[in-house]
Every structure is written in C-alpha cells, then in structure tokens.
Peer 1: 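Can you keep this structure in mind? I'll have questions shortly.
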Amino acid sequence: MTVDDRFRLRESGAAGPVPQGYTVTPTPDGVRVEGPDGGRLLYARSGPAAPPDAHAVEAAVPDSGFASAPPQQVDMVIVDAARRPETIGELRRSGVIGVTTAVVAVGGDHSVRSPREFARRARLWGAFAPGDGHVMSCPPSVWPPSRPRGPHRVLVTGGARSGKSAEAEVRLLAEPRVSYVATGEPADADRDPEWARRVALHTARRPRWWETEETRDLSSLLRRAGGAVLIDCLGTWLTAAMDRHGLWDEEPAPGAEKRVEAEVRDLLEAWRTTRAYVVAVTNEVGSGVVPATRSGRLFRDHLGRLNQWAAAESEEVVLVTAGRVLELP
C-alpha cells in the first residue's frame, strides 16, 4: 500500500526511506505509521499474535466512544482479512482497535469466492472492503457500518455438512470476546473416537481466545450472557432434552412431551430477552424422507417448530446450503 503518495508500506515495514514528519515503527501487532497530522495507522501482521490478555480492553470502553482511548489505539487498521480475519478480534481484545478505529479489510482472493462475499463478511466484522486503487484518508471521512452488537440474535440453519457451523464462526471472528457453547456430548476418544475427532477439528479451527462451555442449560446461559455467544447447536440440545424426559422411548412416560415443550418455551423466552449478540446453529429438518420411527417424527416436529419460533424472535435468519449463504427475509 502507498501512504500519502509519499512511500510504500509492507508488512515488514517501509519500502525505502521514510519521509520527514512520518514515523514507521514495527510492533507486535504490525507496522505502525504516524503522520505529520497525528494520524495513526497500523498495517496489521498476518500471523497469529502472542497469547492475549485474559480481559478484553474493549470491555472497559463504553459504546459512546467518549472515554479516553488507550495509547495503543489507532485511527485505522489495515488487515489481510482473507488470510486471517480473526486478527480483527485479536486487535479489538488488545485495544488497538477501539470504538473510533476504522477497520479496512483487504486481501480478497481465491480463498473467498467473490468480491461480493468478501464485502458481506467485512460488514459482519464492522470493516470496509475497498476495491483496488481505492484512496482513503486516515482518519477516514466515511466510517464502515457498525457490526452487530447485542441484543442481536442470528439463527443459522442448514442440512448436514452444509457449512452452517463455519458460517456461524465466520460471523464472530472479529469479536473480542466469544463464548462457544457446545450442546453435544463431551468428547471421549475411548468411547467414541469418531466424535472425538470431529470435536477436535471444530476446536482447532476456532480462535484460541474463544472460551468453550459445554452445557445443555441454554436458558440460564442466555439470561446471564454478555458479549458474543455461539451456540452449536439447537438440534443436539433438543436431542438431549428428549432423552432427559424419555421421549426417545417406544412408550414415553405420561407427560414427557409436555415437559419437553416446557423446556422449549423456557429456551425461547431466554432467546427473546437475552442481551447478548447470539449466533445459534440449528438443523434444517423435513426436507428429506419421513422418519421411520415415532420418536424420529417427534424430533422432526419439535425441532421444526423450535426453528420457526426462534426465527420469529431473531434479527437475522440465514440458510446455508452447499456452503452458500441465503439471507431469509
């Protein structure tokens, strides 16, 4: 990139002499440039950062943006978001990106299928996605759209291996604090090695600062949650709820279905009233063959209704199929 038509900047530093009035400083977060007018720009590193602090700086900064900015905060950050979008989340954690920082996402390549898809993701991360040759001022004259903030609910539905979990994760890569809520069985390599391998693969692709919580008590979690929350998924939560009340049995106990319905209603109330930014994954059911068993048909019916009710209380609903994302009005 070129700075003020005066010199070129690379991830390794300035290419050639630095003009008078400018300072170019390598930092653990990338190359920091300060201009004669006091503007501060960071060309972010493309590799992983050192382990982040336990507490995000952004958590102490009010949304109004009137608090004093920490000294590491800059006016603009350039991030190779095609290669490593989670860098945005890391820099928000460390306080380099603050409320008034403009984030510029560059690097759209073959790892993202189209400029339109890259721009869609950038909007979710609260970033610009300028085209080649675009000229921007620092600080910018136009700000990128705000990324979603709580209370905000997103339901991501799709079939098996549709890419729905990956889409949910992409949406939260730029967040400084994320709680990943796993509703499935805990991994046990001795009892179920295939499931353990799948859990390990999911864990490996998530940013390391995401906190994982294994629970089926989604209602309590949603009522106390702050920041960003990813739930994966509502289908496994319902599976466990039906198991707790014996609804998978050939002859369920009297009142079993009503007890499951009560848990669903409690979850929906917590979903409706949560203050967090929540992205929940669910399974799209009913598009295939009719289940052969009574319990299978009950699961299909209960999950179909749960999906409808959760969607009705969501700001966004998307359907993922073959890795493509369709926003549902």
Side-chain angles (χ1 to χ4, degrees), residues 117 120-121 123-124 145-173 175 178-184 215-242 247 257-291 296-329:
E117 171 61 15
R120 182 188 76 88
R121 297 184 186 187
R123 287 194 298 272
L124 297 173
S146 298
R147 71 190 197 277
R149 305 292 289 270
H152 190 90
R153 292 150 288 258
V154 182
L155 186 67
V156 181
T157 185
R161 295 296 184 273
S162 62
K164 57 187 184 297
S165 292
E167 166 63 16
E169 292 166 11
V170 161
R171 286 175 168 263
L172 297 181
L173 288 177
E175 296 304 310
V178 178
S179 296
Y180 182 95
V181 183
T183 62
T215 182
R216 276 78 180 272
D217 189 3
L218 294 184
S219 298
S220 296
L221 183 142
L222 288 171
R223 289 187 173 102
R224 70 172 188 270
V229 178
L230 194 160
I231 298 172
D232 198 353
C233 71
L234 296 184
T236 50
W237 174 86
L238 180 62
T239 298
M242 289 177 60
L247 212 55
E257 192 167 0
K258 289 191 177 298
R259 288 191 290 273
V260 170
E261 291 171 349
E263 285 203 36
V264 169
R265 287 194 298 271
D266 188 51
L267 172 60
L268 289 167
E269 178 63 17
W271 174 263
R272 186 181 68 81
T273 58
T274 186
R275 306 301 299 172
Y277 172 22
V278 187
V279 178
V281 178
T282 191
N283 305 99
E284 189 61 29
V285 293
S287 299
V289 298
V290 176
R297 292 189 292 273
L298 279 174
F299 175 79
R300 176 202 60 189
D301 294 347
H302 280 289
L303 185 57
R305 286 193 290 267
L306 172 57
N307 289 348
Q308 290 185 56
W309 294 333
E313 300 290 350
S314 299
E315 281 75 20
E316 296 181 77
V317 182
V318 298
L319 171 67
V320 183
T321 182
R324 299 300 180 98
V325 181
L326 177 65
E327 297 182 5
L328 303 180

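What you are looking at is a predicted structure, and each value in this text was computed from that prediction instead of being measured.
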Peer 1: Can you name the nearest heavy-atom pair linking Ser219 to Ala270, along with the distance?
Peer 2: O-CB, 3.6 Å

Peer 1: Is the backbone N or O of Gly159 less than 3.5 Å from a side-chain atom of Lys164, with the two atoms forming a donor-acceptor pair by type?
Peer 2: yes

Peer 1: Determine, stepwise, if the pair Val229 / Thr274 fulfils side-chain contact (heavy atoms from CB on, under 4.5 Å).
Peer 2: CA-CA 11 Å; Val229 178; Thr274 186; over 6 Å; no

Peer 1: So which atom in Trp271 and which in Ala310 form the shortest heavy-atom distance, rounded to 0.1 Å?
Peer 2: NE1-O, 3.2 Å

Peer 1: Any Lys/Arg nitrogen of Glu263 or Arg259 sitting under 4.0 Å from an Asp/Glu carboxylate oxygen of the other?
Peer 2: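 No, no charged N to carboxylate O under 4.0 Å.
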
Peer 1: Nearest heavy-atom pair of Leu303 and Leu238: which atoms, and what distance?
Peer 2: N-CD2, 3.4 Å

Peer 1: Using modelled atom types only, decide if a donor and an acceptor are shared between the side chain of Arg300 and the backbone of Val290 within a distance under 3.5 Å.
Peer 2: no

Peer 1: Looking only at heavy atoms, what is the nearest atom pair of Gly235 and Phe299, with distance?
Peer 2: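 Nearest heavy atoms, Gly235 then Phe299: O-CE1, 3.6 Å.
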
Peer 1: Got a second to check how far Trp237's CH2 is from Leu267's CG, nearest 0.5 Å?
Peer 2: 4.5 Å

Peer 1: Does a salt bridge link Glu269 with Arg265, judged by any charged N lying under 4.0 Å from a carboxylate O?
Peer 2: no

Peer 1: Indicate whether the side chain of Glu316 and that of His152 have a donor and an acceptor atom separated by less than 3.5 Å.
Peer 2: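 Yes, because at least one side-chain N or O of Glu316 sits under 3.5 Å from a partner of the opposite role on His152.
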
Peer 1: To the closest 0.5 Å, what do you measure between OG1 (Thr273) and CZ (Arg153)?
Peer 2: 8.0 Å

Peer 1: With rounding to the nearest 0.5 angstrom, report the CZ to CZ distance, Arg147 to Arg171.
Peer 2: 14.0 Å

Peer 1: Would you tell me whether Thr183 and Thr236 have side-chain atoms, one donor and one acceptor, within less than 3.5 Å of each other?
Peer 2: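 Yes, side-chain donor-acceptor contact under 3.5 Å.
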
Peer 1: Is the shortest heavy-atom distance from the side chain of Ile231 to the side chain of Leu222 under 4.5 Å?
Peer 2: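 A side-chain contact exists here, since the closest heavy-atom pair is under 4.5 Å.
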
Peer 1: Under 6.0 Å from the CZ atom of Arg305, do we count more than 12 heavy atoms belonging to anything else shown?
Peer 2: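 Atom CZ in Arg305 is crowded, with more than 12 foreign heavy atoms closer than 6.0 Å.
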
Peer 1: How many angstroms lie between atom CG of Asp266 and atom CG of Leu218, to the nearest 0.5 angstrom?
Peer 2: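 Between atom CG of Asp266 and atom CG of Leu218 there are 10.0 Å.
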
Peer 1: Which heavy atom of Glu313 sits nearest a heavy atom of Arg272, and at what distance?
Peer 2: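 Smallest interatomic distance, heavy atoms only, reads OE1-CG, 3.2 Å.
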
Peer 1: In the structure I gave you, are the side-chain heavy atoms of Leu247 and His302 within less than 4.5 Å of one another anywhere?
Peer 2: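 They are in side-chain contact.
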
Peer 1: What are the two closest heavy atoms between Pro148 and Glu175, and how far apart are they?
Peer 2: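 Of all heavy-atom pairs spanning Pro148 and Glu175, the closest is O-OE2, 4.4 Å.
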
Peer 1: Can you tell me if Arg275 uses its side chain to pair, donor with acceptor, with the backbone of Gly150 under 3.5 Å?
Peer 2: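 Pair absent, no side-chain N/O of Arg275 close to backbone of Gly150.
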
Peer 1: Within the side chain of Trp309, is there an N or O that forms a donor-acceptor pair under 3.5 Å with the backbone of Leu268?
Peer 2: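 Between the backbone of Leu268 and the side chain of Trp309 there is no qualifying donor-acceptor contact (under 3.5 Å).
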
Peer 1: How long is the straight-line distance from OG1 of Thr321 back to CZ of Arg161, given to the nearest 0.5 Å?
Peer 2: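 Between atom CZ of Arg161 and atom OG1 of Thr321 there are 14.0 Å.
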
Peer 1: When you measure from the side chain of Asn307 to the backbone N and O of Asn283, does any donor-acceptor pair fall under 3.5 Å?
Peer 2: yes

Peer 1: Find the distance between CD (Glu284) and OG1 (Thr282) and round it off to the nearest 0.5 Å.
Peer 2: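 OG1 of Thr282 is found 8.0 Å from CD of Glu284.
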
